[in-house]
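What follows is one structure encoded as C-alpha cells, with my remarks underneath.
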Amino acid sequence: MASDEGKRFAIDPVRLTGTIDKLEQRITARFPGAGLGAACAQLKAIARRAEARAALIAAPNTLLRALIVLLAAGGVVLFGALVMVLVSALRLRSDESLSGAVQGVDAAFNLALLLGAALLFAASLEARMKRGRALTDVHELRALVHVIDMHQLTKDPSATVMPGSATAASPVRTMTAFELIVLCH
C-alpha cells in the first residue's frame, strides 16, 4: 500500500469558485432576493481575492533568497581563507606564526558559527513570513464564516419541529417550514 505522507492537501481555486458559482445559482433560484445570495456573491469575490493572495504567498522572495546565497558564499570564502591561513602557518613552522594561526582559527571559527546561525535564520525567515501571511488570511476567512453562520441562526429547521420558547432577544423567523426544510437539503 502506497503512503500518502508526501501528498499535500490542496484546494483547486478554479473548482472552488465553480462550486461557489453553483451554490449562488441554487440559492438565488430557490430564494430570490434573499440576503444569502448576496452573501454568496461576496464569498465568491473573497475566494477570488484569496486565490490572488495565495499566489503572492507562494511566490519566492528573491531578495531574501539572494541574501541566503550571499551568506553561503561568505561562508565558503571564510572557510577557504581559514584553510589558507592554516597552510601558511604550517609552512612557516615558527611558534609565533603558529600561535597567530591558532588565534586566527579561533576567530574564524567563531565568525563561521555566527555566519551559520545567520544562514539558518535567513533560510527559515521566508517560511515564517509566508506562514504569518497565510494565518492572517485564514483568520479573515474564519471570521467571515462565523458571521455567515451567525446570520443563519434563524434558518434552523429544527425550530419547526421543536419550537422553543421565544425570548425578547430571539430573532424574528420569517421563513416557512417548507423553506427551512428545503434550505437544509
Side-chain angles (χ1 to χ4, degrees), residues 1-72 118-185:
M1 192 188 270
S3 174
D4 290 337
E5 289 180 31
K7 294 182 181 178
R8 299 194 76 153
F9 176 73
I11 296 175
D12 182 6
V14 174
R15 290 182 64 192
L16 177 66
T17 53
T19 301
I20 294 172
D21 278 335
K22 287 179 187 175
L23 180 62
E24 181 183 14
Q25 291 169 5
R26 287 176 57 202
I27 291 170
T28 54
R30 220 169 259 186
F31 305 104
L36 188 57
C40 195
Q42 289 177 345
L43 181 63
K44 184 170 45 175
I46 289 169
R48 288 196 174 113
R49 284 195 310 266
E51 179 183 353
R53 287 190 297 202
L56 284 174
I57 290 171
N61 188 336
T62 53
L63 182 63
L64 189 59
R65 290 185 181 191
L67 175 68
I68 291 169
V69 168
L70 285 174
L71 280 172
L119 187 62
L120 284 174
F121 174 78
S124 67
L125 187 61
E126 182 177 15
R128 287 185 282 129
M129 288 169 45
K130 287 181 176 189
R131 188 179 307 119
R133 283 189 221 142
L135 286 174
T136 300
D137 290 348
V138 166
H139 176 70
E140 179 183 337
L141 290 175
R142 285 182 65 211
L144 174 71
V145 168
H146 179 69
V147 168
I148 290 172
D149 187 41
M150 289 293 104
H151 280 102
Q152 301 310 309
L153 287 177
T154 60
K155 298 172 180 99
D156 182 12
S158 66
T160 61
V161 179
M162 298 176 359
S165 58
T167 66
S170 296
V172 178
R173 298 187 183 272
T174 58
M175 298 182 82
T176 67
F178 173 76
E179 289 174 326
L180 287 174
I181 292 172
V182 169
L183 180 68
C184 212
H185 296 303

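- The shortest heavy-atom contact between R133 and L56 is NH1-O, 4.2 Å.
- Residue L71 comes nearest to A122 through the heavy atom pair CD1-CB, 4.1 Å, listed as atom of the first residue, atom of the second, then distance.
- A side-chain donor-acceptor contact under 3.5 Å links K130 to the backbone of A59.
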Review point. Going through the checks in order, is the side chain to side chain contact (heavy atoms under 4.5 Å, CB included) test met by L63 and L67?
Key: CA-CA 6 Å; L63 182 63; L67 175 68; over 6 Å; no
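- Rounding to the nearest 0.5 Å gives a distance of 8.5 Å between CZ of R65 and OG1 of T62.
- The main-chain N or O of N61 is found under 3.5 Å from a side-chain atom of E126 such that the two form a donor-acceptor pair.
- How far NZ of K22 is from SG of C40: 13.0 Å, rounded to the nearest 0.5 Å.
- Atoms CD1 and CZ, on I46 and R53 in that order, are 8.5 Å from each other to the nearest 0.5 Å.
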Review point. Where do R128 and L125 land on the side chain to side chain contact (heavy atoms under 4.5 Å, CB included) test, with the steps shown first?
Key: CA-CA 5 Å; R128 287 185 282 129; L125 187 61; 3.7 Å; yes
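- Minimum interatomic distance between E24 and A41 (heavy atoms only, all atoms of both residues): OE2-CB, 3.3 Å.
- M129 CE to S124 OG: the interatomic distance, rounded to the nearest 0.5 Å, is 11.0 Å.
- The two residues A123 and I68 make their nearest non-hydrogen contact at CA-CD1, 3.5 Å.
- Minimum interatomic distance between P32 and A29 (heavy atoms only, all atoms of both residues): CD-O, 4.0 Å.
- Closest of all the heavy-atom pairs between T17 and A47 is CG2-CB, 4.2 Å.
- Summarising the local packing, CG of L135 is surrounded by more than 12 heavy atoms from other residues, nucleotides or ligands at distances under 6.0 Å.
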